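Since the structure is predicted, the reported quantities are computational estimates derived from the model, not experimental observations.
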Amino acid sequence: RDQPRSRGLGDVYKRQLRYCSGNGIWTTSGQYAQPVVLDNFTVLGNSTGVRADGPMTMTGGEVRQNTSTGVYAYQTTLVMNGVAVRYNSGDGIVANRTAATITGCTTSQNNGWGINCDGYGYYGSSGTAQLEDNVVQQNGGGVRIYRWISVGLVGNTISGNSGTGLELQDLSGLSGSGITGNSIFGNGGVGVLMRSGGPSVLTLSGNDIHDNTGFELRNELSLIHIS
């Protein structure tokens, strides 16, 4: 006789999860925490849409109209591919002290930052952010990488945000891909804001930065190399 098939989280969340007063989905950390996979899902109308304190992979879904942050990850591994994060009242995606890989996602019309990666104030390397081929537009701010994060930014479009397009501060370094091939335009503040701290030399290459309301690039570092 066929045995009943157990239902995993990947099965459960191939559907809508909505209108919870707290987190729509919350994965925990700990010794026995298993990776969670969300596939072709919708999370909407909660406080925080998805909170990941344990390893999380999200593919082809939508997180929207939550009253706080869309996706919040803390001290874990976050992989997102082809996810739309829209119309959230806080930031679209927040990764704190997290190894974040975000590819082919759209973050739009969130009240805060589209993508906000923060090392959370701990000195030294406390996170990574690899962002490739994302569209970040019409948010309160575009992309913020802050406090001891190692970053790679490749092929992203950051446009039409109310504030700064890309803000970098206190980086621990760059990944092998570097910061290249990004289009940063039409933002309401500075196109690229390079703030204090981080590597003594920071290289940006092959980026298209234009038509931002403030400076196209504002450099508060000691040395920056642009090619």
Side-chain angles (χ1 to χ4, degrees), residues 47-50 63-74 78 80 83-98 100 102-121 127 129-172 174 179-198 202 204 207-221 224 226:
S47 179
T48 296
V50 177
V63 182
R64 61 182 169 90
Q65 293 173 286
N66 297 285
T67 60
S68 182
T69 303
V71 177
Y72 181 93
Y74 179 69
L78 175 69
M80 299 179 64
V83 180
V85 183
R86 305 182 295 165
Y87 301 110
N88 298 287
S89 297
D91 294 341
I93 302 169
V94 175
N96 276 353
R97 300 194 73 200
T98 287
I102 302 171
T103 306
C105 294
T106 298
T107 62
S108 66
Q109 294 172 287
N110 301 288
N111 287 350
W113 292 96
I115 301 175
N116 184 0
C117 300
D118 187 350
Y120 206 58
Q130 188 68 32
L131 313 181
E132 298 189 11
D133 301 323
N134 301 291
V135 175
V136 183
Q137 61 185 192
Q138 296 182 320
N139 304 285
V143 176
R144 180 180 187 243
I145 312 293
Y146 182 42
R147 291 189 293 197
W148 313 116
I149 301 288
S150 176
V151 64
L153 299 169
V154 180
N156 301 286
T157 298
I158 304 171
S159 67
N161 300 287
S162 300
T164 298
L166 171 63
E167 180 176 326
L168 305 172
Q169 182 172 355
D170 292 327
L171 303 182
S172 63
L174 297 181
I179 300 174
T180 185
N182 301 287
S183 296
I184 302 170
F185 62 91
N187 297 288
V190 177
V192 179
L193 176 58
M194 318 288 292
R195 305 199 73 175
S196 59
L202 189 61
L204 281 69
N207 300 285
D208 188 10
I209 306 169
H210 63 90
D211 293 323
N212 298 286
T213 301
F215 298 99
E216 303 299 349
L217 188 149
R218 179 170 176 173
N219 178 24
E220 298 176 0
L221 295 172
I224 181 173
I226 301 173

(request) Return the minimal non-hydrogen interatomic distance between Thr48 and Tyr72, and the atom names on each side. (result) CG2-CB, 4.2 Å
(message) Once ring pair (Phe, Tyr, Trp, His ring centres under 6.0 Å) is applied, do any residues pair with Phe185, and if so which ones, sequence neighbours excluded?
(response) His210
(message) Just verifying a value: how many Å separate Leu174 CG and Thr180 OG1, rounded to the nearest 0.5 Å?
(response) 11.0 Å
(request) Would you name the heavy atoms of Asn66 and Gly70 that are closest together and state the gap between them? (result) ND2-CA, 4.5 Å
(request) State plainly whether the residues Arg147 and Asp118 are in salt-bridge range, i.e. N to O under 4.0 Å. (result) yes
(message) In the structure I gave you, are the side-chain heavy atoms of Ile179 and Leu168 within less than 4.5 Å of one another anywhere?
(response) yes
(message) Check whether Asn139 reaches the backbone of Asn110 with its side chain - one donor and one acceptor, N or O, closer than 3.5 Å.
(response) yes
(message) Could you check whether any side-chain N or O of Glu216 sits under 3.5 Å from a backbone N or O of Val190, counting only pairs where one atom can act as donor and the other as acceptor?
(response) no
(request) Locate the shortest heavy-atom distance separating Ser89 from Thr67; write the atom from each residue and the value. (result) CB-O, 3.1 Å
(request) Using a 4.5 Å cut-off on heavy atoms from C-beta on, say whether the side chain of Thr107 contacts that of Trp113. (result) no
(message) If I take atom CG from residue Leu166 and atom CZ from residue Arg144, how far apart are they, to the nearest 0.5 angstrom?
(response) 12.0 Å
(request) Answer yes or no: is there a donor N or O on one side and an acceptor on the other, between the side chain of Thr106 and the main chain of Ala84, under 3.5 Å? (result) no
(message) To the nearest 0.5 Å, what is the distance between OG1 on Thr164 and CG on Asn187?
(response) 8.0 Å
(request) Run through Val85, Val135, Leu131, Val83 and flag the one making a side chain to side chain contact (heavy atoms under 4.5 Å, CB included) with Cys105. (result) Val83
(request) Please examine the side chains of Asn134 and Val143, heavy atoms only from C-beta on, and report whether any two atoms are closer than 4.5 Å. (result) no
(message) Quick check: do Gln109 and Arg86 have side-chain heavy atoms less than 4.5 Å from each other?
(response) no
(message) Restricting to non-hydrogen atoms, name the atom on Ala129 and the atom on Ile145 that form the minimum distance, rounded to 0.1 Å.
(response) CB-CD1, 4.2 Å
(request) Indicate yes or no: at least one non-hydrogen side-chain atom of Leu204 is less than 4.5 angstrom from one of Met194. (result) yes
(request) To the nearest 0.5 Å, tell me how far Tyr87 OH sits from Arg64 CZ. (result) 9.0 Å
(request) Identify the heavy atoms of Ser172 and Ser150 that sit nearest to each other, and give their distance. (result) OG-N, 3.2 Å
(message) Taking side-chain hydrogen bond (donor to acceptor under 3.5 Å, both in side chains) as the definition, give me every residue that meets it alongside Asp91, ordered by chain and number, with sequence neighbours left out.
(response) Asn116
(message) Here's a test for you: under side chain to side chain donor-acceptor pair (under 3.5 Å), which of Thr103, Asp133, Asn182 qualifies with Asn156?
(response) Asn182
